[in-house]
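What you see below is based on every heavy atom in this structure, not just the backbone, and it leaves out hydrogens, waters and symmetry mates. Within every chain, numbering begins at 1; the chains are lettered A, B, ... in the order of the sequence lines, protein sequences first and strands thereafter. For clarity, every value in this text was computed on a predicted model and none was experimentally measured.
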2 protein chains.
Amino acid sequence: MSNPWATKMEQFTAFTAGERERLDSLLAFKQRGFEAQEDIIADGAHSDYCHILLTGLACRYKILPDGERQIMAFLVPGDLCDAEIFILKKMDHAVGTLTASTTAMIHSSVMKMLLREASPIAEALWWGTMTDLGVLRERIVDQGRRDATERLAHLLYEMLVRYRISGATKTNAIDFPITQTDLADATGMTPSHVNRLLQRFREDGLIELRNRTLTVTNPLRLRSLAQFSATYLHLDRTEARDPAVYDRAGELI
Amino acid sequence: MSNPWATKMEQFTAFTAGERERLDSLLAFKQRGFEAQEDIIADGAHSDYCHILLTGLACRYKILPDGERQIMAFLVPGDLCDAEIFILKKMDHAVGTLTASTTAMIHSSVMKMLLREASPIAEALWWGTMTDLGVLRERIVDQGRRDATERLAHLLYEMLVRYRISGATKTNAIDFPITQTDLADATGMTPSHVNRLLQRFREDGLIELRNRTLTVTNPLRLRSLAQFSATYLHLDRTEARDPAVYDRAGELI
DNA sequence: CGTAACTTTGAGACGTATCAATTCTTGTGG
DNA sequence: CCACAAGAATTGATACGTCTCAAAGTTACG
């Protein structure tokens, strides 16, 4: 059984065969399918289960009083949707799917137990949380001090890197079901402006984007345009596992 | 001994006398003073100690390649500066003081031990981390979908609330050593624009700001201008502890 | 094969940045 | 206690990035 959760955490630490088996059985215990545009967990809701995205694509978002949507993060397979639910009374945002997806459900009591162990699994869970914090901080830098072009380039490049480390692709092409409206809600622009920027990226030979597939034709230039540095992802073991992801300077792709 | 760390965590959970004593002794073990504008922990650095801010004011920030600074969060007494350091190899951002400050230092091995317990202290530490995530997400909403006026109002109002729950004030006036340049670096504006907005807030009778003191003269209007809702702070026990912080509708002043 | 969702295009308005100059504060040493 | 320096706040005029709103294409899908 493929286990994107374990694959993701192995960017940080090494698991024994026994630990891998345990992670597999945790995921197998209880699963659920979702359609596109469905909430995995609603804003203000509580649940006794944490959800781990297994397949599909989801996002964290909030709906503002005036009806506008802000996407705060995209979730790819292996990501934990609602780590907070085992400790907080209710969600302060929603997690919803963008495409049809499946999740594994882990009971909060099991999650609590896992976190209390002196094991690589517990450490990896902490690492995941700390990395989430890093990703959010990077997004704040994006929106505070980078212009629309850099912001969009950064988002596209980050998605490429995250798909590569999750093992979903080995090339520079990724499945990309995110609409321009979604991109606009994530970067704080209007869809029109996203559209015009994407056209420029295409004209400049940086990307191709059609048929729900994004191909980064010039990754080095896209990375430098985005001022991307992978430090905030804390991929301590990626180099050892997959040297191909790195270029000669030791930088990701 | 005053213990802002314990006070903050008591917004979430109740401690026994023994737990309070333990928290006191953890803070007393090793402390350090910092001058204004000094790094508590530098970008890329590693340390064997976590720092908890005891007095003063600090911020998380990053310096971009072009020299610009983005402030990602302000830290008030009781806040944990670098929770990630016990699990990650190095910081992906810096934490620096804005005013002269003191911190308590807790060895990472002690921190790890605390987190593994089945105790209210461990739960409160998790709560703090989850709340930090919430604050960052709220800042992303701010910068993505609110205009400069709302953004600045939101920041000012959040600082008032955080000072009130930390016990630093019982009125609507707080010590405010944050310069307009700092505010600009936190909200992603220019100092000039911050200045013009603050003038408007003053003209509109929302705030007074002079002599490093911020007085919110019309908290209700400032809150509604900011579209502020305290949900993301997860102050589960605040109402029980300090009903005065709430207005009649049950919303945080 | 029709319809809804998504993408593309255009022209004008507006919010915020820029950059430079001035005034006000604050802290410091004579 | 005053004078000065350095930092912080304020002001102004202009430029530009991005939004707005509306309409026309295009694509995906039941």
Are [X] and [N] close enough that a side-chain N or O sits under 4.0 Å from OP1 or OP2?
X: Asn195(B); N: dT10(D); result: yes
X: Gln199(B); N: dA9(D); result: no
X: Gln37(B); N: dG7(D); result: no
X: Arg202(B); N: dT10(D); result: yes

Could you check how far [atom1] of [X] sits from [atom2] of [N], rounded to whole Å?
X: Glu150(A); N: dT18(D); atom1: CD; atom2: C1'; answer: 15 Å
X: His193(A); N: dA13(C); atom1: NE2; atom2: P; answer: 19 Å
X: Gln180(A); N: dC19(D); atom1: CD; atom2: P; answer: 14 Å
X: Arg200(A); N: dT9(C); atom1: CZ; atom2: P; answer: 14 Å
X: Asp185(A); N: dC19(D); atom1: CG; atom2: P; answer: 12 Å
X: Met189(A); N: dG15(C); atom1: CE; atom2: P; answer: 20 Å
X: Arg146(B); N: dC19(D); atom1: CZ; atom2: P; answer: 17 Å
X: Leu209(A); N: dT26(D); atom1: CG; atom2: P; answer: 17 Å

Return the nearest nucleotide to the side chain of [X]; candidates are [options].
X: Asn211(A); options: dA17(C), dA28(D), dG10(C); result: dA28(D)
X: Ala148(A); options: dT18(D), dA9(D), dA11(C); result: dT18(D)
X: Thr179(B); options: dT18(D), dT18(C), dA9(D); result: dA9(D)

Is it true that Arg162(A) and Asp79(A) make a salt bridge, defined as a side-chain N closer than 4.0 Å to a carboxylate O?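 A salt bridge is present here (some side-chain N lies under 4.0 Å from a carboxylate O).
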Is the shortest distance from a Lys or Arg side-chain nitrogen in Arg146(B) or Glu68(A) to a carboxylate oxygen in the other one below 4.0 Å?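 Salt bridge: no.
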Going by the angle between their ring planes, with limits at 30° and 60°, are Phe34(A) and His51(A) parallel, tilted or perpendicular?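 Plane angle over 60°, so perpendicular.
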Would you kindly check whether a donor in the side chain of Arg196(A) faces an acceptor in the base of dG10(C), or vice versa, at under 3.5 angstrom?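 Check passes, donor-acceptor contact within cut-off.
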Strictly distance-based, threshold 3.5 Å: is any side-chain N or O of Arg145(B) a donor or acceptor partner for the main-chain N or O of Ile140(B)?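 Pair absent, no side-chain N/O of Arg145(B) close to backbone of Ile140(B).
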I need the minimum non-hydrogen distance between Ile41(B) and Ile85(B), along with the two atoms involved.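 Between these two residues, the closest heavy atoms are CD1-CD1, 4.1 Å.
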